[in-house]
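Note that this is a predicted model, so its numbers are computed, not measured. Every chain is numbered from 1, with letters handed out A, B, ... down the list of sequences.
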Amino acid sequence: MEKLILIDGNSIIYRAFFAMPPLTNSSGMHTNAVYGFTNMLLRLIQEEQPTHMMVAFDAGKETFRHEGYQEYKGGREKTPPELSEQFPLLKELLDSFGITRFELKGYEADDIIGTVSRQADESGRQVIVVTGDKDMLQLVSDNVKVSLTRKGVSEVEPYGVQEIQERYGLTPAQIVDLKGLMGDTSDNIPGVPGIGEKTALKLLHQFGSVEEVLARTDELKGKQKENLINHAEDARMSKRLATIFREVPLEHLWDDMAFSGLEEEKAAPMLRKLEFKSLIERLSFTAGPNTGEKNANPAHEAEPIHVTVVDEAGIDSLKGKLGEIEVLHVETNGDNPHHADIIGLILSSKDSHYYISSELLKHPAGEPVRQWLADAKAPKKGYDLHRIDLALHWQGIVFEGAAFDIQLAAYLLDPTENNQTLSGLASKYELSFLAPDDEVFGKGAKYKVPDTGVLSLHLAHKAAAAQKIIPLQEQELEKNEMNRLFFELEMPLSRILADMEKQGIAVNREDLQELGKEFETQIRRLVQHIYELAGMEFNINSPKQLGEILFDKLGLPVIKKTKTGYSTDAEVLEKLAPYHDIVQSILEYRQLAKLQSTYVEGLLKEIRPETGKVHTYYRQTIAATGRLSSQYPNLQNIPIRMEEGRKIRKVFVPSEPGWHILAADYSQIELRVLADISGDERLKEAFVNDMDIHTKTASDVFGVPPEQVDSNMRRSAKAVNFGIVYGISDYGLSQNLNITRKEAAKFIDQYFEVFQGVRKYMDDIVKEAKRDGYVTTLLERRRYLPEINASNFNLRSFAERTAMNTPIQGTAADIIKLAMVLMNDVLREHGLKSRMLLQVHDELVFEVPEDELELMTKLVPETMERALSLSVPLKAEVSSGLNWYEAK
DNA sequence: ACGATCACG
DNA sequence: ACGTACGTGATCGTG
């Protein structure tokens, strides 16, 4: 049977462009949209086996639609150049695939497709139209189906007459009436004000068409009636604009569109030029000489796989095989592992996969599996063992013996990779295709666990991918000299973090609520005051409304603009304070509103009723520098700088009566690290003599004795020191100190005159990054900087600052991680009951029984200071009290 | 879903 | 001439 596929070229390439991450080949051509398009083409060809194909493009700026309505498609953003340059590539690719393409001056792709589909339909042929544009649904008939792209272009959703009826309750012909009423902002089609999709559908269900609605407005009432009467002509015009013209003068012959499959000798060179290596392999074309080595793992579609669904009766036979298990996979749902359900579990040996349902896992019959999970001598390899540990913990299941975490390895191998999922790794290592979880489960509100058959198969595929990924990662870790970083630091730390999180930190709910009431009173007072000064009520939380009040109504000077309008951030408000009393009140309101919503209400929501504690989730694979991050709640940004906010810390208390909170933080750890890695003698000397570093810097830079450094000089020096750590720029420093760029440049110059070793380090590290494409920390943690050689000044400068900052921030992160692992051993060796609870980048927080307080006060800073030996001493300062506020 | 804002190191 | 300090997460309003 003959089958024609018609593709809306413009629509698909746009969607592909925005759905795909940026991608360029080695000569710098952008190729992401073409890549997405090609992927979709290959999928379509394979799944639909078309006999005929055609891709239509828009041609020319003006179409016949502009004759009646100049604003048609007005207000559209210009096509980004990164996309424009891909059109010729796409056309060349289509030619190499032997797929006909067509464009006609004055007509849009829609009209060409409309015409060809009508002709094919009339001769009784099957047609599939592929587009991202819902308007095209009007073309549907018994012979014509329209496939709309979903989630970018990776998948399509076919619509026939029945699907449109189910989704909208309309016939295909009524789609234009829908558009006529609701309009379309992307095409600048006005529609009728106040009518969106919901209302439009209701009206069409009642009246059937735009004309009928307009003829019978007397059956409607209120604003809706008024709008329909006043905008009747808009509605008619919108309908006309949305109607696809199906009589384009085409003399296109059916035979021209014939498609008989890809020819390797034509398609392969083009794919090579684009460097679509995985696609070449997917088509089992040979890679060719210019793409280099043969790949050991050619990409196929998903491999067949067998999974044994273990039931109660099957547990016994599984028992004997537990010793052979190489990999486990535990599927959990949700973002917060402290509140996750177990969806299912896979145990994989060399050649078998066993699926265990979450019910069986918790059932008495599941005991052998639980014992295995709890057996520290049974090594576990898998993806995100930290999350698994936490999820199992809250189900009362013990997890021990973590030996290799794929996610953690992926993070070390490339901490900036944003798709560190198993599916993403399978594609990185060019393994057989692994469906992304979103596709299997759906995401957000649409998340749904499929039935056991589909679920067990998907999870088995994930475990199988894990089995293949692990040896590849082991090789790569070895090659990058990251074995110690991985096995001796990050893996042990992962377990320590899980223990800290399970322990949690107690929060005094009543005190927090009391604090909330105090804030509430002050907020109410401020709101009233602000309304009075403004002369009206408005939403102070809305930067838009606030901007209108300050700049339009009160006429204050505009200091700064954002993309979307006036800027009203604290920096701007500070400058406006002298002009009007309202500004100070707004600043105070902002501060209190933040405390109330984020720290009082937000924290209260995170207290677990059963423990009275908050259990944060430290993420070990997020920050590009090697730092941890903290979520649900974030306990690394609890206020401290302002006294009002600092009070929040009073509600963090010991979880046992008579215990204390003890906190210790590294003093100037980043500058000490800089002193070490730069080898700058002057900076080192400052730390060897334990001087006040900002005063010392000021004294050296301004050439005065330390006694003569005033507070202003010290403040400037402090800002310069920060700037140095961040990868300094004169502009950044000038912003921070509120001075001119020239003055800032002079400061920096003077600084580098004095600290010449630091200057040399900054120059060298940037050179190193340009040469290697990455920078490293003292423990060989690595961060790639692909933009370090970019021609775009902004991208390149950013990469250069990152090259300067990452070894400093990253080495500091290495050090406190070492301290945590060491501290864990020290606590055990001394048989202490004290517990490590929190890490805040350069600070560790513990809860300590009274009788251990004295020892811990010595032990903690000592341990932190000996975590790593540098050419300058590390210094940690300790303090304790009855809550976190007092431990300062 | 995304930008603006602001909390921390 | 270019136009920015480094690294995070939570909340709110808005499209």
Side-chain angles (χ1 to χ4, degrees), chain A residues 18 185-186 196 335 415-416 443-444 538-547 560-573 586-587 589-603 605-606 616-619 622-642 644-646 648-649 665-666 668-670 719-737 741 744 748 783 790-810 812-813 816 838-843:
Chain A
F18 291 109
T185 35
S186 71
D335 290 327
T416 53
K443 65 174 171 184
F538 65 102
N539 186 347
I540 311 170
N541 289 329
S542 160
K544 186 161 169 269
Q545 294 182 34
L546 179 59
K560 200 166 61 171
K561 291 200 136 194
T562 67
K563 260 184 249 185
T564 49
Y566 305 121
S567 171
T568 66
D569 65 18
E571 197 190 319
V572 168
L573 296 184
I586 291 166
L587 279 164
Y589 168 85
R590 280 254 177 96
Q591 195 192 5
L592 287 163
K594 180 79 175 184
L595 294 176
Q596 188 72 306
S597 66
T598 305
Y599 296 102
V600 176
E601 289 160 7
L603 209 50
K605 279 187 221 144
E606 295 289 344
T616 190
Y617 171 42
Y618 285 110
R619 301 212 51 189
I622 298 294
T625 53
R627 278 190 175 183
L628 300 177
S629 84
S630 158
Q631 297 177 322
Y632 320 125
N634 181 353
L635 294 183
Q636 291 183 319
N637 71 347
I638 302 301
I640 189 167
R641 294 173 190 167
M642 300 298 229
E644 275 303 285
R646 193 171 193 156
I648 298 282
R649 295 189 169 223
D665 67 309
Y666 280 113
Q668 301 299 347
I669 188 165
E670 292 189 337
V720 173
N721 279 330
F722 268 99
I724 292 291
V725 169
Y726 292 156
I728 198 147
S729 72
D730 47 16
Y731 189 87
L733 183 65
S734 74
Q735 288 295 297
N736 192 294
L737 281 177
R741 224 190 69 232
I748 295 168
R783 178 174 182 178
S791 53
N792 179 312
F793 174 89
N794 266 330
L795 292 178
R796 189 179 63 247
S797 302
F798 186 46
E800 288 171 358
R801 290 195 298 275
T802 311
M804 300 184 232
N805 169 266
T806 295
I808 302 173
Q809 192 181 120
I816 193 161
L838 303 176
Q839 189 254 41
V840 193
H841 308 307
D842 66 352
E843 175 186 16

Pair A:Glu670 + A:Arg627, salt bridge at N-O below 4.0 Å: yes
Check every strand shown and say whether [X] touches a base, only sugar-phosphate, or nothing at a heavy-atom separation below 4.0 Å.
X: A:Val725; result: nothing
X: A:Gln735; result: nothing
X: A:Ile808; result: nothing
X: A:Arg646; result: nothing
X: A:Asn637; result: base
X: A:Ile640; result: sugar-phosphate
X: A:Ala812; result: nothing
X: A:Gln545; result: sugar-phosphate
X: A:Asp569; result: sugar-phosphate
X: A:Gly727; result: nothing
X: A:Ala799; result: nothing
X: A:Leu628; result: nothing
X: A:Tyr617; result: nothing

Respond yes when some side-chain nitrogen or oxygen of [X] is under 4.0 Å from OP1 or OP2 of [N], and no when none is.
X: A:Thr564; N: B:dA4; result: yes
X: A:Arg641; N: B:dA7; result: no
X: A:Ser630; N: B:dG9; result: no

Which nucleotide, B:dG3, B:dT5, B:dG9, lies nearest any side-chain atom of A:Arg627? B:dG9
Counting heavy atoms from C-beta on, name the nucleotide in B:dC8, B:dT5, B:dC6 closest to the side chain of A:Ala570. B:dC6
Applying side chain to side chain contact (heavy atoms under 4.5 Å, CB included), run through A:Leu733 and A:Ile748 and close with a yes or a no. CA-CA 9 Å; A:Leu733 183 65; A:Ile748 295 168; 3.8 Å; yes
Hey, are the side chains of A:Ile808 and A:Ile724 touching, using non-hydrogen atoms and a 4.5 Å cut-off? no
Any non-hydrogen side-chain atom of A:Gln631 less than 4.5 Å from a side-chain atom of A:Ile622? no
Whole-Å distance between [N] [atom2] and [X] [atom1]?
X: A:Gln668; N: B:dG9; atom1: CD; atom2: P; result: 13 Å
X: A:Ile586; N: B:dA4; atom1: CD1; atom2: C1'; result: 15 Å
X: A:Asn539; N: B:dT5; atom1: CG; atom2: C1'; result: 14 Å
X: A:Ile540; N: B:dA4; atom1: CD1; atom2: C1'; result: 17 Å
X: A:Gln591; N: B:dC8; atom1: CD; atom2: C1'; result: 14 Å
X: A:Leu573; N: B:dC6; atom1: CG; atom2: C1'; result: 12 Å
X: A:Tyr599; N: B:dC8; atom1: OH; atom2: C1'; result: 6 Å
X: A:Met642; N: B:dA7; atom1: CE; atom2: P; result: 7 Å

Using a 6.0 Å cut-off, check whether atom OH of A:Tyr632 has over 12 heavy atoms from anything other than its own residue. yes
Counter-base of C:dG15, judged by Watson-Crick or G-U geometry with both distances under 3.5 Å: none
Taking a pair as Watson-Crick or G-U wobble with both distances under 3.5 Å, which nucleotide is matched to C:dA1? none
Say whether A:Gln809 and A:Thr625, considering side chains only, have a donor N or O and an acceptor N or O under 3.5 Å apart. yes
Tell me, please, the opening and closing nucleotides of DNA chain C, 5' to 3', among those with an atom under 4.0 angstrom from a non-hydrogen atom of chain A. C:dC2 to C:dT14
Would you compute the distance between atom [atom1] of [X] and atom [atom2] of [Y] and round it to the nearest 0.5 angstrom?
X: A:Ile586; Y: A:Leu546; atom1: CD1; atom2: CG; value: 4.5 Å
X: A:Leu603; Y: A:Leu595; atom1: CG; atom2: CG; value: 11.5 Å
X: A:Leu592; Y: A:Leu587; atom1: CG; atom2: CG; value: 11.0 Å
X: A:Asn805; Y: A:Tyr726; atom1: CG; atom2: OH; value: 8.0 Å

Using the P atom on both, measure C:dA5 against B:dT5 and round to a whole Å. 14 Å
P spacing across the pair B:dC6 / C:dC2, given as an integer number of angstrom: 28 Å
The answer to which of A:Ser729 and A:Thr806 contacts DNA chain C further toward the 5' end, by nearest nucleotide, is A:Ser729
